[in-house]
Amino acid sequence: MTIRGGATAASGEAIDADVRTTEGVLALVNLGAQIDGQERQAAARELDVSGQAEFIELVALRGHVLGCIADYEWAERLAEQLVSDSPSDGVAFLARARARATFHRFTDALTDLDKAKRLGADPAVVDVDRAAIFQALGRYDQALAIYSDAAERRADFGSLGALATLYAERGETAAAERCFDESRERYRGVSPFPLALLEFRRGVMWIMQGELQRARTWLAAAHRRLPGYAPAQGHLAEVEASLGETDSAIARLRPLTISSDDPDYAAQLARIMSEVRRVEEAVEWRARAAVRYEELIVRHLEAFADHAAEFWLEAGDDPQQALWLAQKNVEVRQTPRAYKLLERARVATGTATAV
Amino acid sequence: MSDHNSGPRALADPVVDITDLYAFPSPDRAGSLVLVLDVFPNAEPTALFSDAVDYRFRVRPVTISRGAGAAFAVSEREYTISCRFAELAARQGSGPLVQEGKCTASTGQAVSFRVNDERDGNADGLRIFAGRRMDPFFFDGVRAFKTMMTGQLAFVPVGESRQFRQNVLSIVVEVDIAATFGADAGWLFAVVGETATAGSITVRLERFGRPLIKSVVLAAKQFDTVNRDLDIRDLYNQEDAFKLGQTYLGAYRARMNANLPFWDGLDKKTDWPPDAHGNHPLTELLLADFMVVDASKPFSGNSYLEIERALLKGADHESCGGRTPNDDIADTFLTMLVNAGNGPRISDGVDGQAVPASRAFPYLAPPELNPPAKIELSLGNKAA
């Protein structure tokens, strides 16, 4: 079954066949090689601003793909240094805006984007980054205006992919599917990372819609394209657990608790173990997740408030803590998902307002 | 926290980034042509080729048509040397990563090899090495950029090359011409290097003919009154070098006709007067962006553009032309652009790589084990 032309319930084989990219393990090896090389140059402080910005982007990419918060933190430190070293270069502020947005410091990120534009960074690039933050804040109409304009000027992989993720978040699945397909068709490279990310986002959309088989199709595609892709693996486990495929979910999550420093995977294991009454293991995973969430909340409250709230509502079993975190999350971003999380926390603590 | 993200951005992918192409008669085996394609700039020890890319050389016989409008007449007949690589083989403990490859000629010959194995693949008229080598390129690119920004020649007697002691991934193929292309292939060839997707639908990702065309001739936008805001290089990369499409041909021509006079004027005199239509005399020659090499001539370390210069003069060429790794092509090209050879040699101040290429296969120097931090000069930060 061909994907081109907008087929939506594609087979795994069709997805793999239509856009061939560098084998995932090989691509990760090369990403590591690129980062090593640029780290060598960055350590000697001999990279120019664009080179350092590219280096930061590669580190952040690895952080996302491998679920490595340490990489995100490294990217943030590099971005801060870059701005300190190059305070009159818009590219530096653009890089820092992205690093700050990763940790959900959206107000600071928007300020950086304003500065980036004033200092001569490409306005089109700055606007797209601004749109991504608007999307994260729930300001969907503003994001849509920017993304639509970008796609109208140049309908390419990036602009259509951005539109797809926005439509997905708004629950407009038909529009999202169209844009996901068109984005794929316009991909003109062999790097697996952008496509795996697109496939992952498509899978997440279907999780949000409760269509678990469709979610599995796309998450599995992302995982096949990039076997080390932690978020895809983690969400696949979530789907499998929801479908009652507990053993498979557990088998997926265990290696992630070693390879990734994101507590989400330990939290998922705690929940699943609890559901299947493997109590001792549930307690152990809960403790691990709790320790790590507590660390991260201190350093990056805005970034982890939502996931930590989910944890404390479920396996963590501390609704009061969850409520506090959910409130903090809504202060940062006023999205439907944030409000739903707050409502769940209020219900759990018996503080929900009667309708 | 990973749920905040803009849409996926396409990032620069070094595995498809062609840094150089070389073509020269083998100094080692008579009747053989050496083709070198370099990719993945600043390649670290673990860098590998993509299994989704076709790394290829396109070779076509060429003849020289003389008289008014002298040009290279490229045959429709084409020989392709295609190199493909496998996924990573299973690692043996903490040993090096292993990647296998296969080189196939369009005429049917094929040879398998292992990446970084200097016991080269050798069969059927093809000899191949693929792996990490010291980047043979040398050029003071930063001062070339400064020249374009300031309008004055910015090179210094001792320049600096960003590629100094850096490494690349190289594909070196030595082709027995008669055995591989056939006895009627001739000896004068046009060569292009390409990276293309290896899937069911082939998309050209990059192409490379002559060095410095994209950086020195096409990059600057400020002189181009027709398409000042157009970044031409991505469009240019995807074209068929032997058959440029009509859609953007005018844009490439306009860019060259704007930028080539800039270089010509740097010595305050015009050595390349434009024709009645404002076309620079080198525009059509450089638009035919392929390397021309005569494999019947002996190997020469300093023959880049000799065939082209002879063509322009209406004379017979004397050398093999093409390009060898140690050839100071930057000086040759800059001199041609600035004074057409009617004045002193223009030098960028960089005369070679730290370790020159050898005359033994695989020719390129072994990789530098401890590459220095890449030299990045900001304009005006260091004394000229």
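Below, read A as the first sequence line, B as the second, and so on, with proteins coming before strands; counting in each chain starts at 1. Values below: every heavy atom of this structure, side chains too, minus hydrogens, waters and symmetry copies.
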Chain A contact via B:A43 - which portion, at a heavy-atom distance below 4.5 Å
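Contact with chain A: none, neither part.
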At a heavy-atom separation under 4.5 Å, does B:L205 approach chain A through its side chain, its backbone, both, or neither?
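For B:L205, side-chain heavy atoms alone lie under 4.5 Å from chain A.
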To the nearest 0.5 angstrom, please state how far the [atom1] atom of [X] sits from the [atom2] atom of [Y].
{"X": "B:D51", "Y": "A:R20", "atom1": "CG", "atom2": "CZ", "answer": "5.0 Å"}
{"X": "B:Q238", "Y": "A:R188", "atom1": "CD", "atom2": "CZ", "answer": "8.0 Å"}
{"X": "A:Q34", "Y": "B:D13", "atom1": "CD", "atom2": "CG", "answer": "7.0 Å"}
{"X": "B:R162", "Y": "A:Q41", "atom1": "CZ", "atom2": "CD", "answer": "9.5 Å"}

Closest contact, heavy atoms only, [X] versus [Y]:
{"X": "B:E87", "Y": "A:L26", "result": "CA-CD1, 4.2 Å"}
{"X": "B:A47", "Y": "A:A33", "result": "N-CB, 3.9 Å"}
{"X": "A:V29", "Y": "B:T46", "result": "CG1-O, 3.3 Å"}

Could you check if a side-chain atom of B:F40 sits within less than 4.5 angstrom of a side-chain atom of A:N30, using non-hydrogen atoms only?
yes
Side chain to side chain donor-acceptor pair (under 3.5 Å) pairs, two or more places apart, involving residues 95-104 of chain B
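Counting only pairs at least two positions apart or across chains, the side chain to side chain donor-acceptor pair (under 3.5 Å) contacts touching residues 95-104 of chain B are B:E100-B:R114.
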Check whether more than 12 heavy atoms from other residues, nucleotides or ligands sit under 6.0 Å from atom CZ of A:R154, and answer yes or no.
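Not more than 12 within 6.0 Å, no.
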Can you name the residues that form a side-chain hydrogen bond (donor to acceptor under 3.5 Å, both in side chains) with B:T195, not counting sequence neighbours?
none
Heavy-atom cut-off 4.5 Å, strictly under: side chain, backbone, both or neither for A:S191 against chain B?
both
Side chain, backbone, both or neither: which part of A:L61 has a heavy atom under 4.5 Å from chain B?
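When you check distances to chain B, only side chain atoms of A:L61 fall under 4.5 Å.
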Give a yes or no on whether the backbone of B:P371 and the side-chain of A:R40 come within a donor-acceptor separation of less than 3.5 Å.
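Yes.
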